[in-house]
Amino acid sequence: MNDNHSHVFNSSPTKKGGEEREQHKNEKQSKEHFVVEGMTCAACQHAVERAVSAIDGVADVRVSLMTNAMEVAFDKESVSTQTIEEAVEKAGYHAHKKQSTSAKQGESAKNAGSVDGQAHEENPFVLQAKDMRKRLIISAPFLLALITIAMGPMLGVPLPTFFLGLQGSMNFALAQFLLVLPIVFVNRTYFTSGFKSLRHGQPNMDSLIGVGAAAAVLYGVFALFQISYGLGFGEAERALHFRHDLYFEGAGTILFLITLGKYGEVRSKLKTTHSLRSLIALQPKTARIWRDGEEVVVPIEEVEKGDILCVRPGERIALDGVLVEGQSSVDESAITGESIPVEKQVGDRVTGATMNTVGAFRFRATAVGEETTLSKIIALVEEAQATKAPMQALADKISAVFVPTVIGLSLLTFVIWLAIGKPFTFAFRLAISVLVISCPCALGLATPVVVMVATGKAAEHGLLIKSAEALERLHELQILALDKTGTITEGRPQVTDILLCEGMDTKTLLRLAASLEAQSEQPLAQAVMEAAEAYGISPDPVDDFTAVPGMGVSASITQKGTTSSLIAGNVRMMQKEGIAIAAYSAMAEGLAEKGKTPIFFALNGKPAAIFGVADVIKSTSRMAIQEITEQGITPVMLTGDNPRTAKAIAEQLGIERFVAGLLPQEKDQVLRSWKETHEGYMGMVGDGINDAPALVRADVGIAIGAGTDVAVESADIVLVRSDLRDVATAIALSARTTAKIRQNLFWAFFYNVLCIPVAAGVLYPFFGITLNPMIASAAMGLSSVFVMTNALTLQRFRIQQDSVLSSTKEKKQAINIRPLTKRIGYNENSDVQEQKEEEDFAPHGKNAPSSEDVPGDIAHSTRKEKTLKKQILIEGMSCAHCQKHVQDALNAIDGVQATVDLEKAVAQVTATKEISDTLLKQAVEDAGYTVRSIEEKAC
């Protein structure tokens, strides 16, 4: 994992229009975020969108029912935030400008207490949940008493005599009226909101509930007067008739059950926002600043760029910055999802909200407030959750006309049943049932709740998805273009092979080569330096250093009174210096066939070795490409390499299609050509500035998190960990998310299509079945709970991230060392078989690679000695970090290659020479773990 990810997040997703995305923002255009209060269903959401969209100068409006949020893009010269807020007010709702992310983080820290530990006090869902819980607690005893009186005789519950018979009818009705009043009062929001929306000509879910409950209560009051009239004027039949048609219990039950369903819905929303709130809670509320020679603790809001911050072991890093003193190991899992801590030294970047583990250090703050990585991630996730998936379009269109249509159907139901001769009470009951059961909650929540859970889950593991559209389209890709350098490969050259001439030993060669290349700044020279450093070899001073651009370098070195000439470079450099390399050209050609760059090294005018240098493939790329292929997507590699090198790399990866020799601007042309000749969606994965046009061109652009700002800003999805396996994970998450959206939409449509006719009494003529309003209200609440619960199952989606495989930063590439022989034809395997002396050795120290680090077609075993295999049972490992400690400790032993299975607590050791059990045990115990047993295995 490249640790310079603190600069790569763009807080605003790029919008696509058809095949093109908007690349430049209008300088006059502003984007603001608002909190909208009072929305209860998809009809509310549409009403707010319609009201704000009608303002001249507003370019785009996005309203999220799930988060009660609104994002508005508008001309700041002609439209003000006050104008927008007033438009929302006129639509029947309330809007105010959203608090900044950094301010929210500060408030989050202050308000750590929460309901069930799930949210801070300022979270609107927490406030809604508290309000609904209070309403339920107040309503419950009154409703219980109301139902007991109203339905006591049917339930077998004896009532006092003053409620019974004709004489008790007034007491019976009046008691129910008085009991329903507190229920109506505490749940008055349905009436105030519902009738307000009706007055504005934009009825919503509350309108349906308000009209239905109000009608039931008013009819009950009407019945109350009828009973009074019957008793007062001697019409006993009238009094007895209306005694059984009060509907007070129906109104009370509807309000209680609707509130109960909404309470469950809000609680589910709290769970869906868990990931985002967890990110907000990561921000420390104070920072330790080094000021005037001492540490001073200040609020996080007071830290400025350039301040020096102090971090002690076990503390969370407050802000983004660069180490200026000390070193440590930092757990970056909160930001990247990577479980293994990353070593940090002076000059390395650190990211706010990550956890310091062992060492103490100081760093200079480079980003504060909205500029920090955490703030940008939070803003990005919030905006993604406010976007709409393409599937939502149908639901939005239906929701826009749904509530008025339902009101019309309710009136039609009432009129039809009256017209065919049914009693008023029968028609009235069915009309209320239609109103209550048709609330479009499930329809409005079907898509956004799934998007919210999916984007939050992804963000927890370093997958930043900027829009619901990208999330839905990702698994539908047919072709996925992959930039090679930095995406598939590590992005920097490394020495993979050393071919030694007779009489030259490895250590001497590396010392001489490093001494020469230490003066060069070329990437290939740096690869040689890193190889020497990995083997603990330091360069010596040289004289007369000369660099020949495009060819190589030369110098002289004096050791023990003897001066030697050193030359390194390509074929042209050797020819220029008169070095005879013709006999070795076949071996150099063999390296080139494998996609490696040969560097000749000459000592005193004679060939001494050939270095094979390559930009090695990331340890996870092969597996990632295999997983992408298995998901039905065709991977295509795009590279500027020559066709021979590109073919070699493609074969190693199992990629059948590649395009080589591309200039930077030609990647975009390739995608343009594909889109003209292929149907279906196309994706692009890249990390460089030259990838930005192609990322924009693609239907889904995916940026490697360690890449450039331009590439990240152009992409729809950012992989924080720079691990290609996360692409496969994102594709799988996309498929699962789309499936959940379809399930929810099907349920919402199916539910309404099925239940509305039943509530209207369609089954009554055939089966005598009708739907009581109380049952209808319970069914409506159940539909929303089902949609929310189905979406929450996405929380169980497993992010496939192998910590050991993905921690490529700390791994060193094993070097294949073999003799440089004069051969007319080149075959690596025959060279290995004819080798008489073998000097293949591994770097020493804690970073020594295991066999898993070495690609099979780069590393070749040249040992003829007997191979020993042993299995070590280990106690005390609890995480991937422990696993790596043990693996590194065993691999540091000369001649040992080990892999450690954390789940089984077993290390598999392969040795090319006799290794004592005592030595193995000592290595494990020195790492801090216990050996239970060591068992020798058959080869």
Side-chain angles (χ1 to χ4, degrees), residues 485 489-585 587-592 594-616 640-642 645 812-813 815-818 820 839 843:
T485 305
T489 65
E490 293 287 356
R492 57 186 179 87
Q494 298 180 42
V495 174
T496 60
D497 298 75
I498 297 178
L499 281 62
L500 294 167
C501 281
E502 186 175 354
M504 177 61 67
D505 67 273
T506 308
K507 291 184 178 180
T508 300
L509 171 71
L510 283 174
R511 181 169 288 105
L512 293 173
S515 301
L516 173 60
E517 299 288 11
Q519 310 302 314
S520 175
E521 297 180 355
Q522 293 299 318
L524 297 181
Q526 186 61 34
V528 174
M529 291 298 299
E530 289 181 1
E533 181 183 349
Y535 288 90
I537 296 173
S538 301
D540 295 326
V542 298
D543 301 312
D544 304 323
F545 176 83
T546 302
V548 183
M551 297 173 65
V553 294
S554 64
S556 62
I557 186 170
T558 301
Q559 294 177 323
K560 297 180 180 180
T562 303
T563 300
S564 303
S565 66
L566 308 175
I567 301 172
N570 55 24
V571 174
R572 288 188 297 160
M573 184 68 175
M574 296 298 108
Q575 291 172 345
K576 174 181 178 297
E577 298 293 336
I579 309 295
I581 59 169
Y584 306 107
S585 59
M587 298 194 76
E589 186 72 14
L591 290 173
K594 291 293 184 180
K596 305 169 186 178
T597 300
I599 300 177
F600 292 88
F601 183 80
L603 176 63
N604 294 325
K606 295 182 180 181
I610 300 178
F611 287 88
V613 180
D615 181 7
V616 299
D641 289 340
N642 61 66
T645 300
K812 302 296 182 184
Q813 177 72 28
I815 300 175
N816 183 24
I817 303 173
R818 55 186 184 276
L820 179 58
E839 299 202 39

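Along the sequence shown, residues are numbered consecutively beginning with 1.
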S.K.: Return the CE to CZ distance between M574 and F601, rounded to the nearest 0.5 Å.
M.R.: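 The distance works out to 9.0 Å.
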S.K.: Less than 4.5 Å apart, any side-chain heavy atom of I599 and any of N570?
M.R.: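 With C-beta onward as the side chain, the pair stays apart.
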S.K.: So if I apply the side-chain contact (heavy atoms from CB on, under 4.5 Å) rule between P539 and each of R511, E533, E517, M529, which one comes out positive?
M.R.: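 For P539, the side-chain contact (heavy atoms from CB on, under 4.5 Å) check succeeds only for M529.
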S.K.: Suppose we screen for side-chain contact (heavy atoms from CB on, under 4.5 Å). Which residues come up paired with A547, at least two apart in sequence or across chains?
M.R.: F545, V553
S.K.: Which heavy atom of S554 sits nearest a heavy atom of L516, and at what distance?
M.R.: C-CD1, 3.7 Å
S.K.: CG/D540 to CG/L512 distance, rounded to the nearest 0.5 angstrom?
M.R.: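 Here the rounded value is 8.0 Å.
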S.K.: Quick check for you: to the nearest 0.5 Å, what is the distance between K606 atom NZ and M504 atom CE?
M.R.: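 If we round to the nearest 0.5 Å, K606:NZ and M504:CE are 11.5 Å apart.
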S.K.: Applying side-chain contact (heavy atoms from CB on, under 4.5 Å), name anything that partners N604, two or more places apart in sequence or on another chain.
M.R.: S564, S565
S.K.: At their closest point, which heavy atom of C501 faces which heavy atom of A609, and how far apart are they?
M.R.: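 Scanning both residues completely, I find the closest heavy atoms to be SG-N, 4.2 Å.
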S.K.: Are the side chains of I815 and F611 in contact, using a 4.5 Å heavy-atom criterion?
M.R.: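 Side chain of F611 against side chain of I815, heavy atoms only: no contact under 4.5 Å found.
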S.K.: Can you tell me how far the CG atom of D497 sits from the NZ atom of K596, to the nearest 0.5 Å?
M.R.: 3.5 Å
S.K.: Does some side-chain heavy atom of L499 sit less than 4.5 Å from a side-chain heavy atom of R818?
M.R.: yes
S.K.: Mind listing the closest non-hydrogen atom pair of P493 and V613 along with its distance?
M.R.: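 Minimum heavy-atom separation between P493 and V613: CB-CG1, 3.5 Å.
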S.K.: Side chains of R492 and Q526: does their closest heavy-atom pair fall under 4.5 Å?
M.R.: no
S.K.: Working to the nearest 0.5 Å, report the span between CD1 of I579 and CD1 of I567.
M.R.: 4.0 Å
S.K.: Is the number of heavy atoms from other residues, nucleotides or ligands under 6.0 Å of Q559 CD greater than 12?
M.R.: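 Atom CD in Q559 is packed in, count exceeds 12.
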S.K.: Please enumerate all residues that pass side-chain contact (heavy atoms from CB on, under 4.5 Å) together with T558, with sequence neighbours excluded.
M.R.: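 Checked T558 against side-chain contact (heavy atoms from CB on, under 4.5 Å); matches are D543, T563.
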S.K.: Mind checking the CG-OG spacing from L510 to S515? Nearest 0.5 Å is all I need.
M.R.: 10.5 Å
S.K.: Testing N816, V616, T597 for side-chain contact (heavy atoms from CB on, under 4.5 Å) with T496, which one passes?
M.R.: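 That would be V616.
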